[in-house]
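The first residue in the sequence is number 1, and the count goes up from there. Values below: all heavy atoms of this structure, side chains included; hydrogens, waters and symmetry mates excluded.
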Amino acid sequence: MKSVTWLVLLCFFASSAALACATDEKFCVESEKLQLSVALGAGQRSNPLYDGDSFPMLILPDFSYYADSWFIDNGTLGYSLQQNDQFAASIVMRLNSEKGYFQRWFAGNVISMNTSGLVLPPEIDTGTEKSMAAVSIEHVKKRPTAVDAGVQFNWFGEQWQGRLNLWQDISSKYEGQNASLSWSGFWPFAGGQFDLSTTLYWKSAKLIDTYYGVDEDELYYLQRYQGRASWQPELRLGWQKALDTRWSLLTFYRYLHLDDAMTDSPLVQDDSVQTWFVGVSYRFY
């Protein structure tokens, strides 16, 4: 289970996910072919939660394999229902990545998690009024690891890709849904390839409540918070330049905006998640 978790969070950080070959082989993976590359460099993903650790990004593997009907693309396992040069429809499954904010090494070989179960007693002075309306993630109960399944639709153009994902929790951990709609464009720039991506995420009230809500059985001095459905837009800018057949330069920046459904939670401190990476990539296959 740990190895699958690792792939899911890497998929959250990775640049553009590899897709089945369409009009340009530079942006895809051929059927019956393994693709494995590793990026080395410096970067991090910020954490919007109180006392949440940023995730360091020093080594980013990218793994995919596409067969005639099924595929694995980083943390997503899928089965193709229909595929041609312009459109693909698939059934997909993955681990939900929401827990990654609560557990720094949720996706690593070394799992680090809070086991103290500490709850502040009433006689401790919290110092400010704001601290009574905000809480460290170290002081709330463990958030669940959920498995999502759903459908994925891809559209392919000469210099663009579109994707729609609809997900349902099949592990009965949050018993809700989430979805995303994205568009990516690719252009030659400064001797390499520039890409611009926009994504709109929708997360159901049950998902937000499970991870960011405050229940009656948690910290008694906090006002209860029941999560609402959330809309979260994201913008990504990236650039990659091939140095030879295996080595390339790679950099990208992602900005995810969090709406009031997230920021009204006493667990959430910031209204954005920012991810950046600069490094080199080596392609094994």
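Nearest heavy atom pair, residue Y211 against residue P144, reads OH-O, 2.9 Å. Residues L258 and P48 come closest through the heavy atom pair CD1-CB, 3.7 Å. Nearest heavy-atom pair, S197 versus S184, reported as atom, atom and distance to 0.1 Å: OG-OG, 2.8 Å.
Side chains of S272 and D270: a donor-acceptor N/O pair is absent below 3.5 angstrom, by distance only. D195 and Q193 share no donor-acceptor pair across their side chains, judged by distance under 3.5 Å alone. Judged purely by distance below 3.5 Å, without hydrogens or angles, the side chains of N96 and D148 pair a donor atom with an acceptor atom. A donor-acceptor contact under 3.5 angstrom links the side chains of Q168 and Q177, judged on distance only. Between the side chains of D209 and Q226, not a single donor N or O lies within less than 3.5 Å of an accepting N or O.
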### Pair E98-R143, salt bridge (charged side-chain N to carboxylate O under 4.0 Å, His left out): steps then yes or no
CA-CA 9 Å; E98 217 68 36; R143 270 30 183 181; over 6 Å; no
### Task
Given side-chain contact (heavy atoms from CB on, under 4.5 Å), test L196 with W187 step by step and report yes or no.
CA-CA 9 Å; L196 168 66; W187 301 274; 3.7 Å; yes
#### Entry: Test salt bridge (charged side-chain N to carboxylate O under 4.0 Å, His left out) applied to K141 and D215, step by step
CA-CA 10 Å; K141 64 185 180 183; D215 298 330; 3.4 Å; yes
### Task
Take F284 and V38, measure what side-chain contact (heavy atoms from CB on, under 4.5 Å) needs, and give me the verdict at the end.
CA-CA 8 Å; F284 293 93; V38 175; 3.7 Å; yes
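When ring centroids are compared, Y79 and W70 stay outside the 6.0 Å threshold. Taking the six-membered ring wherever Trp is involved, the centroid distance between the rings of F102 and Y212 falls below 6.0 Å.
Taking 4.5 Å as the limit, every side-chain heavy atom of D62 sits out of range of all side-chain heavy atoms of L36. Counting heavy atoms from C-beta outward, Q240 and T251 have side chains that stay 4.5 Å or more apart.
Cation-pi geometry between R163 and W155 is not met: the NZ or CZ atom fails to fall both under 6.0 Å from the ring centre and inside 45° of the normal.
I208 and L200 sit in two unconnected hydrophobic clusters of ILVMFWY residues. Membership requires side-chain heavy atoms under 4.5 Å apart, directly or through other members. There is no path of hydrophobic side-chain contacts, each under 4.5 Å, that joins Y255 to F277. No chain of hydrophobic side-chain contacts below 4.5 Å, direct or via other Ile, Leu, Val, Met, Phe, Trp or Tyr residues, connects W167 to W202. W276 and L250 fall into different hydrophobic clusters, where Ile, Leu, Val, Met, Phe, Trp and Tyr are joined by side-chain heavy atoms under 4.5 Å apart, directly or via other members. Under the 4.5 Å side-chain heavy-atom criterion for ILVMFWY residues, no single connected hydrophobic cluster contains both M262 and W231.
Applying the ring-ring contact (aromatic ring centres under 6.0 Å, His included) rule to W247 yields the partners Y282; only residues at least two apart in sequence or on another chain are considered. Partners of D259 according to the side-chain hydrogen bond (donor to acceptor under 3.5 Å, both in side chains) rule, which considers only residues two or more places apart in sequence or in another chain, are S230. For Q274, the side-chain hydrogen bond (donor to acceptor under 3.5 Å, both in side chains) criterion is met by Y253, not counting sequence neighbours. In terms of the salt bridge (Lys or Arg N to Asp or Glu O under 4.0 Å) criterion, D51 has no residue partners (sequence neighbours excluded). With sequence neighbours excluded, the residues that form a ring-ring contact (aromatic ring centres under 6.0 Å, His included) with F71 are Y66. In terms of the side-chain hydrogen bond (donor to acceptor under 3.5 Å, both in side chains) criterion, residue partners of D264 (sequence neighbours excluded) are, by chain and number, R228.
Ring pair F87/F153 is parallel by interplanar angle, where below 30° counts as parallel and above 60° as perpendicular.
Between the side chain of S90 and the backbone N or O of V92, no donor-acceptor pair lies under 3.5 Å.
The residue from Q232, R236, R45 that alone fulfils the side-chain contact (heavy atoms from CB on, under 4.5 Å) condition with L256 is Q232.
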